[in-house]
Amino acid sequence: MKLYNSLTRTKDEFKTHTPGRVEMYTCGPTVYHFAHIGNLRSYIMEDVLEKFLRYEGYDVNRVMNITDVGHLASDADTGEDKMLKGAKREHKTVMEIAKFYTDAFFEDCRKLNIKRPDVVEPATNCIDEYIKIVSGLLDKGYAYLAGGNVYFDTSRLGKYYVFNDHDEEDLAVGVRDSVEEDQNKRSKADFVLWFTKSKFEDQALKWDSPWGVGYPGWHIECSGISMKYNGEYLDLHCGGIDNAFPHHTNEIAQSESYLGHPWCPQWFHVHHLNTTSGKMSKSKGEFLTVSLLEEKGYDPLVYRFFCLQSHYRKGLVFSWENLDNAATAYQKLIRKIAALTGADGQVDEAVAREYREKFIQQVGNDLNTSMGITALYDVLKAKTNDVTKRAILASFDQVLSLSLLEKAAALREKEAAQAKTAQAGGDYVIQGEGDPAIDALVMQRYEAKKAKNFAEADRIRDELKAQGVEITDVKGGAVWKRA
């Protein structure tokens, strides 16, 4: 597999520290509110990446943190803790907020067919690990105490800005909120490893430490959790592109300074989901959630399909029109798969192997999910039996996770029931090849004609024709056959 590496800015051959095994870390949510669908785009693409690596034969250990402490409202180590902000908003404790929104996040993941990582660890569970790392950084001279807090000293590094070449004066480039200068810092680029109550008197969660009662900074949690569950050598670190600086930059600085050797060679960043007015974010009020999509009648897997149609390194523009187009395409794809009802013959292993190798080659070129979607249509057009086509589609869906065969089976059952109910009246008889999905379409065409909705009747006729089905109207019904 070749994967674009944000660290080298090149598309590199994917390699691991231990052959055949991938130590993978993905930045999890800060659980102070619902995840919006822009956040979830990253998790969808990371899910596909993990499943593709498994599909290729790797043993994957995927670790994800849950940020339930330490993430401030600004990346400049200023502002209110987001968890405390959420607790005040809803008049609950921080832990009540964390549990509620953690559960909500994984329910959204379930609806989107996002696999739960092998390890999910709340930041509050690893305080001892953070204290150990911060102590080590102090001992090695990479950190200093000032104003009661512990700061990382970026001046000790040969190169701090590993993802982008900033100057010290350009620090605001990576800061999304207003920069409030911290007088305790020796340099603007320095960042907090451990806060004490000297920073926030009202902080809800506090722990004893060698430097006073306080709590960890946001950046240290990912290093600590990854070292605990992935070991000293991480193969693949994932996250949204907005995390590259300062969050991931700081993770690299503190991890490599503490360990004394390179930490993670491969970085995978998913680009933003934008609306027509710009980047989607909670602070701007454009708060589109999975639940809202469902309320408007969309299957959450339509959104997953929408995301897979685009490359993860390109900004994706969300609009209801674009989502409608994805819904139409997804439904047509499911209908085509539902029409694969042939049961004769066995899986042609040679054909299945050929398509699988092509799929690995295409999707393995920098996780090209749009080519993965194209591969589904290639299978539908393949000159092989339906049994083989279904087997190949099921294989590809191990990676794409669009519930293709399950949705197709549900469609056949639904339309068979509709056709049976309609025919019970005895006024219209359909003669065909015993395919409930086609029977249901023919019945829908009849109902449209009866209602004088000739445009809809013509649309259904054209859809049947596109599936290779010829329909002939006869007295009291219709006869159809595959051309």
Pair V120-F106, side chain to side chain contact (heavy atoms under 4.5 Å, CB included): steps then yes or no: CA-CA 11 Å; V120 176; F106 282 113; 3.7 Å; yes
Report yes or no: do [X] and [Y] form a side-chain donor-acceptor pair below 3.5 Å?
X: Q362; Y: N368; value: no
X: N65; Y: T67; value: yes
X: Y101; Y: E90; value: yes
X: K140; Y: S257; value: no
X: R62; Y: T26; value: yes
X: D108; Y: Y43; value: no
X: D12; Y: T8; value: yes

Applying side chain to side chain contact (heavy atoms under 4.5 Å, CB included), can you list everything that pairs with [X], at least two apart in sequence or on another chain?
X: N325; value: E321, N322
X: S310; value: R41, K314, L316
X: P265; value: none

Whether the side chain of [X] engages the backbone of [Y] through a donor-acceptor N/O pair (distance < 3.5 Å, no angle test) should be reported.
X: R156; Y: A143; value: no
X: K389; Y: L380; value: yes
X: H36; Y: G38; value: yes
X: Q398; Y: Y55; value: no
X: S255; Y: E251; value: yes
X: D47; Y: C109; value: no
X: Y303; Y: V290; value: no
X: D153; Y: S155; value: yes
X: T369; Y: L308; value: yes
X: Q254; Y: H219; value: yes

Should the pair [X] and [Y] be assigned to parallel (<30°), tilted (30 to 60°) or perpendicular (>60°) ring geometry?
X: W320; Y: F318; result: perpendicular
X: Y233; Y: H261; result: parallel
X: F14; Y: Y58; result: perpendicular
X: F100; Y: F34; result: perpendicular

When you check the gap from the basic side-chain N to the acidic O, do [X] and [Y] get nearer than 4.0 Å?
X: K2; Y: D366; value: no
X: D118; Y: R54; value: yes
X: R21; Y: D235; value: no
X: R335; Y: E463; value: yes

Centre-to-centre under 6.0 Å for [X] and [Y], is that the case here?
X: F268; Y: H237; value: no
X: W194; Y: Y151; value: no
X: H271; Y: H311; value: no

Take W263 and Y258 through the ring pair (Phe, Tyr, Trp, His ring centres under 6.0 Å) test and state the conclusion after the steps. CA-CA 10 Å; W263 176 50; Y258 174 74; over 10 Å; no
Are T388 and I392 close enough, and set up right, to give a side chain to side chain contact (heavy atoms under 4.5 Å, CB included), and what steps lead you there? CA-CA 6 Å; T388 302; I392 298 170; 3.9 Å; yes
Spacing of [X] atom [atom1] and [Y] atom [atom2] [to the nearest 0.5 Å]:
X: L7; Y: C264; atom1: CG; atom2: SG; result: 8.0 Å
X: T249; Y: K159; atom1: OG1; atom2: NZ; result: 10.5 Å
X: T275; Y: L288; atom1: OG1; atom2: CG; result: 8.0 Å
X: E221; Y: C27; atom1: CD; atom2: SG; result: 8.0 Å
X: S223; Y: Y25; atom1: OG; atom2: OH; result: 8.0 Å
X: I220; Y: N250; atom1: CD1; atom2: CG; result: 9.5 Å

Carefully, step by step, assess L236 and E50 under the rule side chain to side chain contact (heavy atoms under 4.5 Å, CB included). CA-CA 10 Å; L236 178 61; E50 177 194 354; over 6 Å; no
Find out whether T374 and Q309 are in side-chain contact, i.e. whether some heavy atom of one side chain is under 4.5 Å from a heavy atom of the other. no
Is there side-chain contact between L405 and I337, with at least one heavy-atom pair below 4.5 Å?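 SC-SC contact between L405 and I337 confirmed.
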Let's go through T154 and D190 carefully: what are the C-alpha distance in whole Å and the side-chain angles of both, what is the deciding distance for side-chain hydrogen bond (donor to acceptor under 3.5 Å, both in side chains) to 0.1 Å, and is it a yes or a no? CA-CA 5 Å; T154 56; D190 294 352; 2.8 Å; yes
S403 and N113: CA distance, side-chain angles, deciding distance, side-chain hydrogen bond (donor to acceptor under 3.5 Å, both in side chains) verdict: CA-CA 8 Å; S403 297; N113 281 352; 2.9 Å; yes
Give the intermediate values and the outcome of side chain to side chain contact (heavy atoms under 4.5 Å, CB included) for residues D68 and M95. CA-CA 8 Å; D68 55 359; M95 288 293 95; 4.0 Å; yes
Look at atom NZ of K99 and say whether more than 12 heavy atoms of other residues, nucleotides or ligands are closer to it than 6.0 Å.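 Atom NZ in K99 is not packed in, count stays at 12 or less.
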Apply the test ring pair (Phe, Tyr, Trp, His ring centres under 6.0 Å) to residues F396 and Y355: give CA-CA distance (whole Å), side-chain angles for both, the deciding distance (0.1 Å), then the verdict. CA-CA 9 Å; F396 292 178; Y355 276 85; 7.3 Å; no
Listed partners of Y4 passing ring-ring contact (aromatic ring centres under 6.0 Å, His included), at least two apart: none
Could you walk me through whether H269 and F163 pass the ring pair (Phe, Tyr, Trp, His ring centres under 6.0 Å) test, one step at a time? CA-CA 11 Å; H269 287 118; F163 292 112; 5.3 Å; yes
Result of checking Q361, R353, E354 against E357 for side-chain contact (heavy atoms from CB on, under 4.5 Å):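 Result: among Q361, R353, E354, R353 is the only option passing the side-chain contact (heavy atoms from CB on, under 4.5 Å) with E357.
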Under 3.5 Å, which donor-acceptor pairs do the side chains of residues 126-135 form with other protein atoms, sequence neighbours left out?
residue	atom	partner	partner atom	Å
Y130	OH	A123	O	2.8
S135	OG	I131	O	2.8

Of all pairs that satisfy salt bridge (Lys or Arg N to Asp or Glu O under 4.0 Å), the ones with a partner from residues 395-409, not counting sequence neighbours: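 Counting only pairs at least two positions apart or across chains, the salt bridge (Lys or Arg N to Asp or Glu O under 4.0 Å) contacts touching residues 395-409 are D299-K407.
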